[in-house]
Amino acid sequence: MSVRVRIAPSPTGYLHVGTARAALYNYLFARHHNGVFILRSDDTDTERSTQEFSDDIVASMRWLGLEWDEGIIVGGPHETYRQSERLGRYQEVAAGLVEAGKAYYSFATPEQLETFRNEARREGMSPAYDGRYKVSPAEAEERLRTGESATVRFAVPRPGETVFEDVVRDEVRFDHVQVDDFVILRSNGTPTYHLASTVDDVDFEITHVIRGEDLLSSTPKHILLTEAMGAEPPTYAHLPLLMGPDGKKLSKRHGHTALAAYRDAGYLADAVVNYLALLGWNPGDDDTVVDRAAMIERFELDRVSKNPAIFDAVKLEWMNGVYIRGMNADAFIATVTPLVEEDLGRALTADERAVLAEMAPLVQERAKKLTEIAPQMRFLFAEISYDETSWQKVMAKPDAGRAIRSAREVLARLDDFSTNSVEHALRGMLETEGLNPRKGFQPLRVALSGSSVSPPLFESVAALGKDRTLARLDAAAVAIDAAS
RNA sequence: GCCCCCAUCGUCCAGCGGCCUAGGACUCCGCCCUUUCAAGGCGGCAACGGGGAUUCGAAUUCCCCUGGGGGCACCA
């Protein structure tokens with residue numbers, strides 16, 4: 001039987017990094033086994049589900065490159081892949097279970113249940129509802145007829161026990177006193193997550209359920225439901241949860257949890273994928289940078305860690321730098337050009353594009369995030385302003401003015417503004433002025449770029465060209481005089 | 001409170017009875033390279049939670065404790 005797996009986000013929020021990782025693992029598992037990867041929308045909570053979240057999920061999945069074979073948007077043999085469109089099917093299953101005596105109409109009031117739980121808790125017993133307020137089928141029918149509202153609950157076999165073999169956790173067992181007679185159909189007729197999700201998994205012939213550990217204790221319910229439907233339960237694999245730096249479940253207060261936020265912050269999809277993949281899985285050796293093909297090739301569920309993993313933003317950033325440096329020159333220029341144009345608020349001219357292409361490799365090896373790049377190249381295409389800290393650190397020093405004036409003089413006499421020629425001229429200036437590179441070059445850097453941190457100096461001068469270089473040196477000299 | 005899961009450097013992983021003087025990556029700290037910042041090179045700091053048991057031998061197996069996490073809804 002071929003592998004069929006799914007990721008089933010609920011459009012009640014943006015695609016969370018934890019969900020993204022679960023999606024990635026499902027994807028890698030499917031690709032590794034030449035199986036089918038499905039994207040389903042678990043949108044039974046109509047109150048909280050929105051189109052915006054749904055769009056975000058699709059966009060984020062595509063950005064990561066986790067193409068799905070069946071599911072929302074792309075369709076497939078099991079249309080539809082949206083739970084909100086399958087309500088009839090869930091009701092049908094629920095009715096069948098009631099018919100078979102495996103589920104029942106429940107009239108237990110919230111107050112009764114609350115009281116039961118409190119009491120159980122007080123006595124040190126399991127707070128899982130044991131169905132004690134169940135009424136006879138005849139009575140249920142009668143009360144239903146009089147218009148009384150009811151939920152449908154699954155009748156958990158008691159006493160009993162559910163044992164299953166989890167791929168990452170090995171054998172897990174739950175005594176049924178810990179499993180409540182859970183609601184499968186709300187009093188308004190809509191299915192709960194347990195019902196909808198399980199029915200879909202059965203109908204879509206899901207073979208492996210790979211999901212977060214937070215669902216581990218719900219698994220007996222899903223197995224019981226599956227069996228009650230007369231189907232074979234899938235293989236389960238529960239992934240360790242993602243934590244924030246404080247060791248608590250990753251949430252908004254830890255920073256970005258919406259995957260799209262990382263895209264917007266200048267991260268590369270491949271870097272995020274690589275980082276997420278290694279957060280709880282390892283390829284079997286000490287490799288850290290692993291491309292997608294290698295991940296697919298080497299992915300195994302039994303190499304998934306059991307430990308919760310703390311999301312380390314610093315390491316992600318490092319990895320992003322690795323991927324930026326790994327881009328080929330053309331690809332880098334292609335992704336960076338629109339960013340620079342957006343930053344400037346205008347399109348680049350052909351000449352400017354040539355300058356950008358020239359300078360691109362220099363900023364490429366320095367960037368950790370795409371968002372750092374435009375600000376670093378801005379001085380090439382727009383007027384500058386001096387960074388306050390840089391000014392204090394460099395321009396307020398005694399030799400700054402001298403270096404700038406001397407450089408201005410030397411460069412003014414220079415016709416060949418190639419990098420080599422500029423370097424030769426400026427090093428000559430250092431010598432005649434008796435300045436070391438730090439004292440002699442840093443002021444020039446600030447004069448030209450506005451900051452003490454910039455791409456390499458000689459290349460920058462060459463890229464700016466003679467006119468603008470001289471103008472900026474003049475302006476800096478004036479500014480220094482004015483400041484002293 | 002009840003149940004489940006987990007436990008190696010600060011963090012992510014390796015280790016699946018002797019190859020461990022516990023390995024790699026990020027971070028941090030030195031040094032080198034160097035026009036700034038990065039990158040890169042070299043080196044360094046840093047961990048098997050505690051107690052029993054099994055064994056000739058335990059980070060690796062078993063038990064207890066402790067600690068951390070998750071779940072216990074007409075939310076998913």
Side-chain angles (χ1 to χ4, degrees), chain A residues 8-10 12-13 42-45 47-49 106 110 113-114 117-118 120-129 149-153 166 168-169 172-175 177-180 182-188 190 192-194 196-197 212-220 238 240-241 243 245 247-249 275 278-289 303 305-312 314-319 321-322 325 362-368 372 376 390 393-394 423 426-427 430 436-438 440-442 444-446 449 451-458 460:
Chain A
S10 172
T12 53
D42 276 16
D43 58 355
T44 53
D45 185 349
E47 292 292 307
R48 298 192 297 141
S49 296
S106 169
L113 295 168
E114 187 62 21
R117 288 186 202 112
N118 289 340
R121 215 170 272 246
R122 197 171 327 117
E123 291 166 18
M125 308 292 278
S126 164
Y129 174 56
S149 77
T151 58
V152 176
R153 287 180 183 274
D166 186 283
V168 341
R169 273 149 229 287
V172 182
R173 54 177 64 225
F174 287 89
D175 190 307
V177 300
Q178 303 300 336
V179 185
D180 62 308
F182 55 103
V183 172
I184 58 176
L185 220 53
R186 303 188 183 96
S187 51
N188 67 3
T190 61
T192 58
Y193 164 76
H194 299 303
S197 173
E213 198 203 310
D214 50 339
L215 265 344
L216 186 61
S217 39
S218 297
T219 305
H238 286 92
L241 261 22
M243 306 296 190
K248 304 288 184 194
K249 197 173 172 181
Y275 178 70
L278 262 53
L279 209 50
W281 171 76
N282 81 81
D285 55 23
D286 286 334
D287 286 353
T288 303
V289 179
R303 291 208 66 88
S305 162
K306 297 171 165 55
N307 309 13
I310 292 175
F311 187 89
D312 183 357
V314 176
K315 189 163 183 177
L316 202 211
E317 194 168 289
W318 163 79
M319 185 162 282
V322 170
R325 272 173 263 132
L362 271 19
V363 300
Q364 180 174 8
E365 64 185 45
R366 290 170 164 69
K368 284 211 168 84
E372 298 167 2
Q376 275 183 32
S390 299
K393 197 163 64 181
V394 176
E423 172 165 8
L426 290 180
R427 287 201 187 282
L430 242 40
N436 63 29
R438 181 177 292 273
F441 288 163
Q442 279 301 85
L444 307 185
R445 185 184 302 284
V446 175
S449 74
S451 169
S452 59
V453 176
S454 82
L457 184 62
F458 312 131
S460 296

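Here is how names work: the chains are called A, B, and so on, in the same order as the sequence lines, proteins then strands, and each is numbered from 1. What you see below is based on every heavy atom in this structure, not just the backbone, and it leaves out hydrogens, waters and symmetry mates. Since we're looking at a predicted model, the values are computed, not measured.
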Using nucleotides 31-34 of chain B, report all nitrogen or oxygen pairs with the protein that are shorter than 3.5 Å.
none

When you compare the protein's N or O atoms with those of nucleotides 63-65 of chain B, which come within less than 3.5 Å of each other, and at what distance?
none

Scan nucleotides 43-45 of chain B against the protein and return all N/O pairs shorter than 3.5 Å with their distances rounded to 0.1 Å.
none

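If you check every strand for non-hydrogen atoms under 4.0 Å, A/Leu430 touches nothing. Nucleic acid contact for A/Phe174: sugar-phosphate only, since backbone atoms but no base atoms lie under 4.0 Å from a heavy atom of the residue. Within 4.0 Å of A/Pro308, counting heavy atoms only, lie sugar-phosphate atoms of the nucleic acid but no base atom. Residue A/Ser449 is classed as having no contact, given no heavy-atom separation below 4.0 Å to the nucleic acid. Looking at heavy-atom distances under 4.0 Å, A/Ser10 makes contact with sugar-phosphate atoms alone, never a base. Within the nucleic acid shown, A/Met319 has no heavy atom closer than 4.0 Å to any nucleic acid atom. Residue A/Arg169 is in sugar-phosphate contact alone, with no base atom involved, counting any heavy-atom pair closer than 4.0 Å across all strands shown. Heavy atoms of A/Gly280 sit under 4.0 angstrom from primed sugar atoms or phosphate atoms, though from no base atom. Counting non-hydrogen atoms under 4.0 angstrom, A/Thr192 reaches the backbone sugars and phosphates but no base.
The 12-atom threshold is exceeded at CD of A/Glu123, counting heavy atoms of other residues, nucleotides or ligands nearer than 6.0 Å.
Judged by distance alone, with hydrogens and angles left aside, A/Arg438 brings no side-chain donor or acceptor close enough to the base of B/rU35 to form a pair under 3.5 Å. The base of B/rA25 sits with one of its N or O atoms less than 3.5 Å from a complementary donor or acceptor on the side chain of A/Lys315. The base of B/rC74 sits with one of its N or O atoms less than 3.5 Å from a complementary donor or acceptor on the side chain of A/Ser187.
Closest to the A/Arg366 side chain, of the nucleotides B/rA38, B/rU27, B/rG69, is B/rA38.
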